[in-house]
Amino acid sequence: MKRIVFIISFIFLSLSALAIAPRLEVETLFDGQYNKEKNVRITITRNHGELFRVIHVSGNSGIIKLIEDCVRKDLLRAEKSVEQEGDGGSSILMQFVNNGETIKIGLQKNGDSASLFIKGSEKAFK
């Protein structure tokens, strides 16, 4: 009997863990803390259940470094990723799956500017 209760409890906990939001580091960049920073432009678009967020930074190496650090932390957990360097710039694309939905994240860096996007259905972020 204890074994059955243990198995049922384990299944319940496993299913609960699957429903937990992915808690991506890059999402912290969109909490409003950079909305008034000079040379930072943030765009958030919701359209038909899709969520698209972009942060573009130029001439602020501190924020660009923070963005890169967040991306590198998330890169360790990505299901798929591609990194590219050359011509004075670099880019990283990665993909996560949550709630059966795909989240795509991309960072492009050229000199003293960087752009980061996060795209996915709103269901993927729950």
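Just so it is clear, the values below take in all heavy atoms, side chains as well, and ignore hydrogens, waters and symmetry mates. Here, residue 1 is the first one in the sequence, and each next residue gets the next number. Remember, predicted model here, so these are calculated numbers, not experimental data.
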Please step through side chain to side chain contact (heavy atoms under 4.5 Å, CB included) for the pair Ile63 and Val40, ending with a clear verdict. CA-CA 9 Å; Ile63 295 176; Val40 175; 3.7 Å; yes

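- Judged by distance alone, the side chain of Glu27 and the main-chain N or O of Phe125 form no donor-acceptor pair under 3.5 Å.
- Here Val54 sits in one hydrophobic cluster together with Phe52, Leu93, Phe117; the rule is ILVMFWY side chains under 4.5 Å apart, joined directly or through other members.
- In the hydrophobic clustering of this structure, Ile44 groups with Val57; members are Ile, Leu, Val, Met, Phe, Trp, Tyr whose side-chain heavy atoms approach within less than 4.5 Å, directly or through other members.
- Closest approach of Asn39 to Ser58, counting heavy atoms only: CB-O, 2.7 Å.
- Between Gln95 and Thr102 the shortest side-chain heavy-atom distance falls below 4.5 Å.
- Using a 4.5 Å cut-off on side-chain heavy atoms (C-beta onward), Ile42 and Tyr34 make contact.
- Between Asn60 and Glu37 there is a side-chain heavy-atom pair separated by less than 4.5 Å.
- Salt bridge Glu50/Lys119: absent, no basic N to carboxylate O contact under 4.0 Å.
- One finds no salt bridge joining Glu25 and Arg72 here, because no Lys/Arg side-chain nitrogen approaches an Asp/Glu carboxylate oxygen to under 4.0 Å.
- Annotation: salt bridge (charged side-chain N to carboxylate O under 4.0 Å, His left out) contacts involving residues 95-118, sequence neighbours excluded, comprise Glu68-Lys109.
- Atom CD1 of Ile118 is separated from atom CZ of Arg53 by 4.5 Å, given to the nearest 0.5 angstrom.
- With rounding to the nearest 0.5 Å, the separation of CG in Leu116 from CZ in Phe30 is 5.0 Å.
- Atom CG of Leu75 is separated from atom SG of Cys70 by 12.5 Å, given to the nearest 0.5 angstrom.
- Formation of a donor-acceptor pair under 3.5 Å by the Asn110 side chain with backbone atoms of Ser113 is not found in this model.
- Between atom CE of residue Met94 and atom CG of residue Leu76 there is a gap of 9.5 Å, rounded to the nearest 0.5 Å.
- Residue Asp87 places its CG atom among 12 or fewer non-hydrogen atoms of other residues, nucleotides or ligands, all under 6.0 Å distant.
- Under the 4.5 Å side-chain criterion, counting only non-hydrogen atoms from C-beta, His56 is in contact with Arg41.
- Side chains of Ile67 and Val26 form no contact here, defined as non-hydrogen atoms less than 4.5 Å apart.
- Atom CG of Leu107 and atom CG of Asp74 lie 11.0 Å apart (nearest 0.5 Å).
- Around CD of Glu122, the count of heavy atoms belonging to other residues, nucleotides or ligands within 6.0 Å exceeds 12.
- Summarising the local packing, CD of Glu85 is surrounded by 12 or fewer heavy atoms from other residues, nucleotides or ligands at distances under 6.0 Å.
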Salt bridge (Lys or Arg N to Asp or Glu O under 4.0 Å) for Asp69 and Lys65? Distances and angles first, verdict last. CA-CA 6 Å; Asp69 291 346; Lys65 171 85 169 92; 2.9 Å; yes

